[in-house]
Number of protein chains: 2
Amino acid sequence: MQYTGLLKQHSLKVTPQRTAILNEIEKAGHIDIDHLIEILRSSFPSISLATVYKNVNHMYETGILEVIKVPKHKLQYELMKEPHIHLACDQCGSVTDMHQCLDELIDSAETKSGFSLHHSSVVLNGTCPSCQTKSA
Amino acid sequence: MQYTGLLKQHSLKVTPQRTAILNEIEKAGHIDIDHLIEILRSSFPSISLATVYKNVNHMYETGILEVIKVPKHKLQYELMKEPHIHLACDQCGSVTDMHQCLDELIDSAETKSGFSLHHSSVVLNGTCPSCQTKSA
DNA sequence: ATCCTTGCAAATTCTTTGCAGTTAA
DNA sequence: TTAACTGCAAAGAATTTGCAAGGAT
């Protein structure tokens with residue numbers, strides 16, 4: 001299983017629920033708790049919401065997952081990757097990643113502010129191309 | 001009252017509660033619902049949490065307020081201003097604004113993605129200078 | 001006069017916790 | 001073996017809603 005190593009690195013035991021959670025988040029890119037458990041139930045009919053919450057929280061705390069908040073939507077989870085930009089569509093709620101380099105921005109902010117930065121959450125809101133077409 | 005015009009522009013009636021909410025948010029820079037109602041109660045002992053929620057939601061929807069989410073903290077409200085960067089300290093939870101220009105970033109994202117962007121939420125997480133000193 | 005807002009209480013929604021049984025290491 | 005994980009049920013937070021009285025335009 002491809003996530004075994006990742007879990008072990010962070011001192012989390014490898015359980016079927018956990019590898020399934022990581023697989024589904026990977027597949028979805030971004031996903032909120034409701035969609036996540038809905039999908040998980042097809043493989044684990046008795047999985048509990050509490051388990052999913054406990055796990056995503058653990059994974060967030062250990063740095064496996066990233067959490068993003070888009071106004072008007074529930075928290076969304078994704079695998080921790082390079083700093084990048086999230087484009088959120090106000091109409092359909094979809095989130096798209098854009099891997100533009102943020103190093104310059106972060107370095108400059110660090111220097112000017114004296115903060116020691118280790119994480120970034122950049123969410124740009126607007127209308128996605130597909131929703132622009134629909135409303136045109 | 002300085003916020004009368006702002007409320008009217010957005011078709012919200014001018015009430016003492018609303019101008020007080022805007023004044024306190026302005027004074028605080030960033031504030032969450034608990035701190036906000038705590039301060040408001042000193043002038044409006046009987047103000048209800050429901051009223052504050054209804055108002056910040058309305059003001060958010062009409063574009064008067066901006067909402068930012070820092071992991072592990074409640075939603076924070078601030079007056080809608082120029083796009084800028086939020087520096088969030090993981091230790092003390094404080095949020096500092098940095099008015100670095102984001103136009104380039106936004107323009108570039110818009111061009112590459114085809115999104116039509118109208119709002120940005122840039123939160124950089126780390127440790128503020130004061131907390132760095134404490135833990136040193 | 002009319003529609004909007006307030007504040008209360010209740011309802012909902014969201015998330016966490018305690019515990020007993022089970023499982024990974 | 002033992003410390004961690006799961007699932008259930010219940011508790012606890014956070015937020016929203018319905019409604020009657022009051023207020024802004």
Side-chain angles (χ1 to χ4, degrees), chain A residues 1-24 31-62 64-65 67-77 93, chain B residues 1-24 31-62 64-65 67-77 93:
Chain A
M1 180 59 73
Q2 59 173 318
Y3 289 113
T4 300
L6 186 61
L7 287 167
K8 285 187 177 164
Q9 278 164 40
H10 293 86
S11 310
L12 297 181
K13 288 191 174 171
V14 179
T15 68
Q17 290 88 341
R18 283 182 176 162
T19 53
I21 286 171
L22 288 170
N23 274 314
E24 296 308 333
I31 195 166
D32 68 26
I33 203 87
D34 292 333
H35 282 100
L36 184 54
I37 197 164
E38 188 185 328
I39 294 170
L40 291 168
R41 282 202 215 278
S42 61
S43 329
F44 300 84
S46 65
I47 197 171
S48 77
L49 195 48
T51 296
V52 184
Y53 269 114
K54 284 171 188 167
N55 281 325
V56 293
N57 285 344
H58 275 141
M59 292 176 187
Y60 167 70
E61 281 155 18
T62 56
I64 295 176
L65 294 184
V67 178
I68 60 178
K69 168 68 187 170
V70 176
K72 299 277 133 188
H73 293 274
K74 298 185 74 165
L75 295 178
Q76 298 196 53
Y77 304 93
Chain B
M1 181 58 73
Q2 61 174 317
Y3 289 113
T4 301
L6 185 61
L7 288 167
K8 285 186 177 164
Q9 275 164 42
H10 293 86
S11 311
L12 297 180
K13 287 191 177 172
V14 178
T15 69
Q17 290 88 340
R18 284 182 176 161
T19 53
I21 286 171
L22 289 171
N23 274 312
E24 295 309 331
I31 195 166
D32 68 25
I33 203 88
D34 292 333
H35 282 98
L36 184 54
I37 196 165
E38 188 186 327
I39 295 170
L40 290 168
R41 282 202 215 279
S42 62
S43 329
F44 299 84
S46 65
I47 197 170
S48 78
L49 196 47
T51 296
V52 183
Y53 270 114
K54 284 171 188 166
N55 280 325
V56 293
N57 284 345
H58 274 141
M59 291 176 189
Y60 168 70
E61 281 155 19
T62 56
I64 295 177
L65 294 184
V67 177
I68 61 181
K69 168 69 188 171
V70 176
K72 301 276 134 186
H73 293 272
K74 299 187 75 167
L75 296 177
Q76 299 194 53
Y77 304 93

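The shown structure was predicted, so the numbers you read here are calculated from the model rather than taken from an experiment. Computed from heavy atoms alone, side chains included, the values below leave out hydrogens, waters and symmetry copies. Letters go in sequence order (proteins before strands), and every chain restarts at 1.
Contact between R18(A) and H58(A) at its shortest, heavy atoms only, is NH2-ND1, 3.9 Å. Between K13(B) and L7(B), the closest heavy-atom pair is O-CD1, 4.4 Å. Of all the heavy atoms in S48(A) and I37(A), the pair that sits closest is C-CD1, 3.8 Å.
One interatomic measurement links the two molecules: CD1 of I21(B) to C1' of dT5(C), which rounds to 11 Å at whole-angstrom precision. We find that NE2 of H35(B) is positioned 16 Å from C1' of dA14(D), with the value rounded to whole Å.
Every side chain to side chain donor-acceptor pair (under 3.5 Å) that D34(B) has, sequence neighbours left out, goes to K74(B). Residues forming a side chain to side chain donor-acceptor pair (under 3.5 Å) with S43(A) (at least two apart in sequence, or on another chain): none. H35(A) is linked by a side chain to side chain donor-acceptor pair (under 3.5 Å) to D32(A), counting only residues two or more places apart in sequence or in another chain.
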Sort me out a list of protein N/O and nucleotides 13-15 of chain C N/O pairs below 3.5 Å, or just none if empty.
from, atom 1, to, atom 2, distance (Å)
dT15(C), OP2, Y53(A), OH, 2.2
dT15(C), O5', Y53(A), OH, 3.2

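Using a 4.5 Å heavy-atom threshold, the side chains of L12(B) and L6(B) count as separate. The shortest distance between side-chain heavy atoms of I33(B) and Y77(B) falls below 4.5 Å. Counting heavy atoms from C-beta on, the side chains of L22(A) and L65(A) come closer than 4.5 Å.
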### Query
Does the side chain to side chain contact (heavy atoms under 4.5 Å, CB included) test come out yes or no for E24(B) and L40(B), once each step is laid out?
CA-CA 8 Å; E24(B) 295 309 331; L40(B) 290 168; 4.0 Å; yes

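Each end of the helix from dA1(C)-dT25(D) to dA25(C)-dT1(D) yields a helix axis from five base pairs, and these two axes differ in direction by 50° (to the nearest 10 degrees).
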### Summary
Under a 4.0 Å heavy-atom criterion, the protein footprint on nucleotides 1-7 of chain D, written with B, S and -, is --BSSBB

